[in-house]
**Q** 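This is the structure I want to talk about, given as structure tokens.
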Amino acid sequence: MTLSLGHVVFGLDPLYLGGVGLDEVFITLLKVVVAFGLLLMSVMLMIWFERKLISDMQNRIGPSLAGPFGVFQTLADGIKLFFKEDLIPERSDRLVFKLAPYLSLVPAFLVFAVVPVGGDFNGGDGRVTIFGHDTFLQVADPPVGILFVLAMSSLAVYGVMLAGWSSGSKYPLLASVRASAQMVSYEAALGLSLVAVLLKSGSLSTNQIVSEQSVWNWNLWVTWLVPMVVFLIAATAELNRPPFDLVEAEQELVGGFHTEYSSLRFALFFLAEFMNTITMSAIIVTLFLGGPNGPDFTTVGWLSGVLWFFIKLMLFLFIFVWFRATLPRIRYDQLMDLGWKLLIPVSLGWLMLLACYDIAGDRGWNRAAVVVVTLVVMAGLAGLLVLALRAAKQKPKDAHDDTSYERKATWVT
Amino acid sequence: MNSSPVISDAVVSPGDVSRDITSDVASDAAVRCREQSAVLRIGEDDGERLEAEASANDTTMIMNMGPQHPSTHGVLRLMLEMEGETVLRSKPVIGYLHTGMEKTAETLTYLQGPTNVTRMDYAAPLFGELAFSLATEALLGLDLPPRAIWIRMLMCELNRISSHLLFQATNGMDIGAVSMMIYGWREREETLRLLETITGLRMNHNYIRPGGVAADLPDGWRDEVLGLIDKLPARLEEFDALLTGQPIYRERLQGVGVINSAECLALGVTGPILRSTGYAWDLRRDMPYLAYEKLDFDVVVGTYGDCFDRYAIRLNEIRESIRIVAQILDQMPAGDYRVQDKKVTPPPRVRIDESMEALIHHFKIFTEGFKVPAGEVYAAVESPRGELGCYMVSDGSGVPYRMHIRGPSFVNLQTLPHLMRGGMIADAVAVISSVDPIMGEVDR
């Protein structure tokens, strides 16, 4: 075994002891740097895109002074935030307060690592050749793939939650409580709708999931649309974007978890939020719209994939902005209702339906009959759920005799 | 359903409340059982002490909302007793915009008075001017020329449109539909532009004055008004499409902040809040002033008395106002725009160049003002927020002895604790928005 620089530098890492050359290391580094830069750039453009689009929808001009069409507005805002006073409230938990922005920023970056942004999937398995080396157009393709995404988005909750809790102030505290409840419950719907995809592709690896969707075989219709709708709604809630932006809810909680944040720390939250929007859109594209899949319309093999990916990404970014421009904010209890009483049962039932359909196919049973039986069972379960919900709505009579402080009892006598 | 709980609610419960609360910090449930009211009756010190002595058993917290808060419509401050996200009791704290305008009125002549009252309800300034002018004219015993009356009605209805459009904007924003804010503002701005062409100012017009209005309608006013009322209905349809049928919006407003007629009457609430309970009370119809009895319009009422009804009422009142404006356009009489009473009306500009006496007369009217016979009077108009009244006492001098404005926002604000109780913090925001208080009028 010849000793290379790679061994010296990365020798501590057992992964690199097995004959990994310096070029692999450089390619990985290159990918990391490109992904990092790309993500930062796209956040800048995304904020500009959102502001411009929303101002168009609202009959106003939007940013127009910094650079052509105001493209550099985000940059200007960033510089401004950088030079503002960094304020730490006296009653805050200083360490956690400082840590929180990074807790939400780092996962936002990491998620993007598993997203295949390009590659030739028309017959190939997404490999491209860089400097004579075959590689995927994604920073990493770990076998746990999509679980990593879930793990990171769960971690990001801590950023928001701890930020609110450590601020030592009441509005952020309420936001923190909202954040933990909201994100934890929507994680469930997110995960369940994702399982439908995993069922079809049979792999956790993002690259594999994309390959399975060949050119037009997108999971969007392979899983019959519903999981993607559930995923989109749950993702919107997970991202704290309108109409689910309860955690920030300017009109209610004055900014929510970042009320007490200023300067660069606020900028980090802001950055993380928009980065999460981009990465989550990328995840939806990867899972349901075939990632970089699509008919090759360029002569350069890898370019077509990148362009397809970009087009699909823009579609979702547009949808997110559109949501924000149109929808009023949902209330906290309604949000919980939507999550637990609608999204989770629907995604669970859909998963069951898909599984039964697949098994019927494998065993050679009559598929139509299986689907009908499954639907009947699901309808029964849905009926039970509705009954349970109705029973839960009726308040126990004697347990709460002391309800005088509630509105009904006060007014109606 | 009877009104007795309201009455008992409005009466301060016996015993020293503040002492009870501080001695019983740990068992706030006990406090809640004893204190049946929706109104939080503790002082600032008690609030702080409760905070400081909070124990592990405490499930409630006192939260301050405002005076610096995006959805308290200016400088309203609310002390909320919260259990998690649920609002239990609350206490509106006002006075952050108090500038002593009623006292100021005692130093201003009757002609300067409108400049003062117009700054109270700054979203509907013409109504303040109107109430003030009606009161002054009642003391003077003036009969206005018909054109002045009809111009006043025209202006007030336009102002009602702009005020309700402002409500649509802020209500949308408070619910989280930020685009609605821009749309509402856009339409309101068009209305204000029209007001500007007529009065010279967007707000604080000082246009309606004792004796008539400040100036006749400018050339081409008819086309401009027509242009506006042709444009607005389609825009209101857009509001309907954006919000009225929107499921999230309905979920947020329906059944939130419910109140009934008896409670409204007990608290003295008027305007859209009273009408939302199904009680058809509109001064324009029930105690007509100006020439409203000659107009054909409907009083819009609701059924449930919730935030959604109040939203829908205001939206439809815009439509009614458009209807009224159209009728006014048809019936606008010709003639003088102010009363030709030499006591009240300054001589025309041309006379000043010709006659020394006219110059002196003009000067005296604008410096000393005119004398108003001693007496007292109350004049009320239906402002976009309810009954806006002006109570005036004259001692026969050139300035009012006492001037008091019955601001509908001030009275309506009393409903807040009752509407908010048991709701969530998001409901509280919707409730404040649906009460639509203008703090300038509350604090005066």
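In what follows, chains are A, B, ... by sequence order, proteins preceding strands, each numbered from 1.
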**Q** Between B:Gly84, B:Ala177, B:Gly172, which shows the greatest number of heavy-atom pairs under 4.5 Å with chain A?
**A**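 Answer, by heavy-atom pair count under 4.5 Å with chain A: B:Ala177.
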
**Q** Check this for me, if you would: do B:Lys231 and B:Glu190 make a salt bridge, where the nitrogen-to-carboxylate-oxygen distance has to be below 4.0 angstrom?
**A**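 Result for this pair is yes, salt bridge flagged.
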
**Q** Centroid-to-centroid, A:His258 to A:Tyr171, below 6.0 Å?
**A**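 Between A:Tyr171 and A:His258, which both carry aromatic rings, the centre distance is not below 6.0 Å.
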
**Q** Are any side-chain N or O atoms of B:Arg252 and backbone N or O atoms of A:Arg331, one a donor and one an acceptor, separated by less than 3.5 Å?
**A**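 Side chain of B:Arg252 to backbone of A:Arg331: no pair is present.
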
**Q** Indicate yes or no: does A:Glu50 engage A:Arg241 in a salt bridge with an N to O separation below 4.0 Å.
**A**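 Yes, A:Glu50 and A:Arg241 are salt-bridged.
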
**Q** Taking side chain as everything from C-beta outward and backbone as N, CA, C, O, which of these in A:Asp245 sits under 4.5 Å from a heavy atom of chain B? Side chain, backbone, both or neither.
**A**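 Contact with chain B involves no heavy atom of A:Asp245 at all.
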
**Q** Check whether B:Met181 gets within reach of chain A through its side chain, its backbone, both or neither, counting any heavy atom under 4.5 Å.
**A**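 Contact with chain A involves no heavy atom of B:Met181 at all.
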
**Q** With A:Phe269 as reference, evaluate A:Tyr261, A:Phe97, A:Phe274 under the ring-ring contact (aromatic ring centres under 6.0 Å, His included) test and give the passing residue.
**A**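 Single ring-ring contact (aromatic ring centres under 6.0 Å, His included) partner of A:Phe269 among A:Tyr261, A:Phe97, A:Phe274: A:Tyr261.
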
**Q** Relative to chain B, which of A:Arg178, A:Arg324, A:Arg329, A:Arg60 shows the most heavy atom pairs under 4.5 Å?
**A**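 The option with the most such pairs is A:Arg329.
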
**Q** Report which part of B:Arg186 has an atom under 4.5 Å of a heavy atom belonging to chain A: side chain, backbone, both, or neither.
**A**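 The side chain, not the backbone.
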
**Q** Could you tell me which portion of B:Met61 (side chain, backbone, both or neither) has an atom closer than 4.5 angstrom to a non-hydrogen atom of chain A?
**A**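 The side chain, not the backbone.
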
**Q** Which atoms of B:Gln246 are under 4.5 Å from chain A, going by heavy atoms: the side chain, the backbone, both sets, or neither?
**A**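 Looking at B:Gln246, just its side chain touches chain A.
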
**Q** Under a plain distance cut-off of 3.5 Å, with no hydrogens placed, do B:Thr244 and B:Tyr311 share a side-chain donor-acceptor pair?
**A**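 Yes, B:Thr244 and B:Tyr311 have a side-chain donor paired with an acceptor closer than 3.5 Å.
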
**Q** So which of B:Ile425, B:Ile175, B:Val178 has the biggest tally of heavy-atom pairs under 4.5 Å with chain A?
**A**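 That would be B:Ile175.
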
**Q** Pick from B:Asn64, B:Leu243, B:Asp174: which one has the most heavy-atom pairs with chain A under 4.5 Å?
**A**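 Answer, by heavy-atom pair count under 4.5 Å with chain A: B:Asp174.
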
**Q** Is B:Tyr249 close to chain A through its backbone or its side chain, or both, or neither, when contacts mean heavy atoms under 4.5 Å?
**A**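 For B:Tyr249, the contact with chain A is made by backbone and side chain together.
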
**Q** Could you tell me whether A:Phe266 and A:Phe270 have their ring centroids closer than 6.0 angstrom?
**A**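 Yes.
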
**Q** Side chain, backbone, both or neither: which part of A:Pro242 has a non-hydrogen atom closer than 4.5 Å to chain B?
**A**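 Answer is neither: A:Pro242 stays 4.5 Å or more from chain B.
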
**Q** Using the six-membered ring wherever Trp is involved, compare the ring planes of A:Trp322 and A:Phe318 and label them parallel, tilted or perpendicular (cut-offs 30° and 60°).
**A**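 Tilted.
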
